[in-house]
S.K.: 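Questions regarding the structure given below will be posed in turn.
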Protein chains: 2
Amino acid sequence: MLNSVKIGGNNSISGTASLVNHGLGSIKSSILKKVAARTILNAELFPDLQYLVIGSGVVGTQHILEDGRRSISTIFMPGDVLDFTRENTGGGSLIALTALKVHLFESEAFERLKHDNREIQQALADSYHKHCRHTALHCADLARKSAVEKLASFIIECRNRQMAGRARKISLMLKRIDIADYMGLRPETLSRAFSRLKDLELISFDDRNHVIICNEPALLQVANGGNLEQICVV
Amino acid sequence: MLNSVKIGGNNSISGTASLVNHGLGSIKSSILKKVAARTILNAELFPDLQYLVIGSGVVGTQHILEDGRRSISTIFMPGDVLDFTRENTGGGSLIALTALKVHLFESEAFERLKHDNREIQQALADSYHKHCRHTALHCADLARKSAVEKLASFIIECRNRQMAGRARKISLMLKRIDIADYMGLRPETLSRAFSRLKDLELISFDDRNHVIICNEPALLQVANGGNLEQICVV
DNA sequence: CGCACGCTTGATCAACTTCAAGTTTTGTGG
DNA sequence: CCACAAAACTTGAAGTTGATCAAGCGTGCG
């Protein structure tokens, strides 16, 4: 499956069609850095930075309204690429939602390489398109779904993006407040949604940050707006 | 401002940094087609289609939940590019929200051209990034804003994307039901939000589909989550 | 130990949805 | 061009959902 040197070596990205696997791994100029949770990722933090590939951890695009309301419009997971050559955030700022390990690629060397290397261009394009898909789905989640449906959808998104395949144990990765801000809910409401899914035996908890999917077909149906009463005869 | 042949000739896209202005205009193989409102745009409709540039009208990415709830995750306006070479919709389908005039670009000739022409690659990349920015902003709109804030935000988005500059008269382009589905509201709630903005004299109506921005600073503040009571001393 | 932080639970309240008319606009055939 | 029907939009009243406010419970750490 893998066809080039892998950077980072975090097994959460193995098997993916990530940028790393396409060509960036062969770049010698990559720098590995650790970033503390809650750090804002911007040009000042990483001078000369053009592209950043996440090795481990999660980054979010955070938006703050005038009165302090916070939302997270998109999240980036291991293997995802952040492109600092353009403003893609729509006015939001990139923030480390967990501690990170990131691979940095410096400007000039990378730009030359990208110019010549069709595989890298392709890998970057793939990454953009994947991001577009995720974001479109996320809009659909936010627009018309109930709290429980949003949470079911989030758990499914986590599983899909962690490349967990059909694994039943899913890492939530984020704190409750960040999941809430991502799904457009308040933490209290999110907590009640967790309880609801647990009571209906669609999920159970391994620990606070790891859920076990107990009834996947039902969870998928709930995520897609199916009728809870019909799905869970309790 | 324009630096190449323009296709379509719709003045709503003049002055933009759209794909058309960058390089696609020089492609001779483009086909102009009219599309009726409510048509689903897919591979069956346009065999061999790779890229589509909107000349006039609006396209939306539509998602339907199991019980029929509908949402529109993203919209495309004149000058925007639809890329049919990949699935970017996150499971949604592209639908003409108004009657359209579109410019189609056929597969093989275009692929060759793109391969050789750096300007076209750049123009496509620009288009993707613009789309990403709009979608991120839209997520922030959906997540935590009230109905009135969402509507204010939609009006501002319309103005910005229509390249209306600081024009006060804005075309809403969409029907109420589509605006509602885009902003995650029911048409009744949207209607009440329109009344609210009108009563507060932030907007007035030219006709049903054209609003006049009466107090732009206030409208911007409302769109960004400012306190209505403080902004509008009524 | 005790404080801080993150999460959960309970009660109340506001906002949005739903349901049910009305009203205006649009489109069509005579 | 008008009449009429259908579609689109608005308005009102009642019902739900999620937000807010307030308190309580663990867990980790100085």
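Values reported hereafter were calculated over all heavy atoms of this structure, with side chains retained and with hydrogens, waters and symmetry mates removed. On a predicted model such as this, the values are computed, not experimentally measured, just so you know. Every chain is numbered from 1, with letters handed out A, B, ... down the list of sequences.
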S.K.: Indicate yes or no: at least one non-hydrogen side-chain atom of Ile75(B) is less than 4.5 angstrom from one of Leu97(B).
M.R.: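 Ile75(B) reaches Leu97(B) side chain to side chain.
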S.K.: For the pair Asp178(A) and Arg38(A), find out whether any cationic side-chain nitrogen is under 4.0 Å from an anionic carboxylate oxygen.
M.R.: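 Between Arg38(A) and Asp178(A) there is a salt bridge, with a charged N closer than 4.0 Å to a carboxylate O.
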S.K.: Among dT11(D), dC7(C), dT18(C), which nucleotide has an atom closest to any side-chain atom of Ser191(B)?
M.R.: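 Taking heavy atoms from C-beta onward, the closest nucleotide is dT11(D).
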S.K.: Any salt bridge between Asp181(A) and Arg69(A), counting N to O under 4.0 Å?
M.R.: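 Between Arg69(A) and Asp181(A) there is no salt bridge, as every charged N stays at least 4.0 Å from the carboxylate O atoms.
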S.K.: What nucleotide, of dA20(C), dT9(C), dG6(C), holds the atom closest to the side chain of Lys175(A)?
M.R.: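 Minimum distance to the Lys175(A) side chain belongs to dG6(C).
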S.K.: What's the CZ-C1' distance between Arg38(A) and dG6(C), to the nearest Å?
M.R.: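 Value for this atom pair: 12 Å.
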S.K.: Considering heavy-atom distances to DNA chain C, does Arg192(A) or Arg69(B) have its closest nucleotide positioned more toward the 5' end?
M.R.: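 By nearest-heavy-atom nucleotide position, the 5'-most residue is Arg192(A).
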S.K.: Note the angle between the end axes of the helix from dC1(C)-dG30(D) to dG30(C)-dC1(D), five pairs defining each, rounded to 10 degrees.
M.R.: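 Answer for the end axes of this duplex: 40°.
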S.K.: Heavy atoms from C-beta onward define the side chain here; which of dC16(C), dA19(D), dG12(D) lies closest to that of Ser146(B)?
M.R.: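 Nearest nucleotide to the side chain: dC16(C).
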S.K.: Side chains of His63(A) and Ser73(A): do they bring a donor and an acceptor to under 3.5 Å?
M.R.: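 Side-chain D/A pair, His63(A) to Ser73(A): present.
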S.K.: Counting the atoms with a prime plus P, OP1 and OP2 as sugar-phosphate, which does Leu190(B) contact under 4.0 Å by heavy atoms, base, sugar-phosphate, or nothing?
M.R.: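 If one applies the 4.0 Å heavy-atom cut-off, Leu190(B) turns out to touch nothing in the nucleic acid.
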S.K.: For Leu97(B) and dA8(D), give me the distance from atom CG to atom C1', rounded to whole Å.
M.R.: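 Value for this atom pair: 16 Å.
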S.K.: Is the CD atom of Glu216(B) crowded by more than 12 outside heavy atoms at less than 6.0 Å?
M.R.: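 Yes, enclosed.
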S.K.: Between P on dA15(C) and CG on Leu151(B), what's the gap in Å once rounded to a whole number?
M.R.: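 From Leu151(B) CG to dA15(C) P: 17 Å.
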S.K.: Base of dC21(D), side chain of Glu188(A) - is there a donor-acceptor contact under 3.5 Å?
M.R.: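 For Glu188(A), whose side chain was compared with the base of dC21(D), there is a donor-acceptor pair (under 3.5 Å).
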S.K.: Round to the nearest Å and state the distance from Phe194(B) atom CZ to dT24(C) atom C1'.
M.R.: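 The distance from CZ of Phe194(B) to C1' of dT24(C) comes to 16 Å, rounded to the nearest Å.
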S.K.: From the list dC7(C), dT17(C), dT9(C), which nucleotide is the closest neighbour of the side chain of Arg186(B)?
M.R.: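 Nearest nucleotide to the side chain: dT17(C).
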S.K.: What is the distance from CZ of Arg176(A) to P of dG26(D), rounded to the nearest Å?
M.R.: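 Spelled out: CZ on Arg176(A) to P on dG26(D) is 16 Å.
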S.K.: Between Arg192(B) and Asp199(B), does the salt bridge (Lys or Arg N to Asp or Glu O under 4.0 Å) criterion hold? Intermediate values first, please.
M.R.: CA-CA 10 Å; Arg192(B) 286 181 244 270; Asp199(B) 292 346; over 6 Å; no
S.K.: With a 3.5 Å cut-off and no angle check, do the side chains of Asp83(B) and Tyr128(B) form a donor-acceptor pair?
M.R.: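 There is such a pair (donor and acceptor under 3.5 Å, judged by atom type) between the side chains of Asp83(B) and Tyr128(B).
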S.K.: Expressed in angstrom and rounded to an integer, what is the separation of Arg196(A) atom CZ from dT17(D) atom P?
M.R.: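 So the two atoms are 9 Å apart, to the nearest Å.
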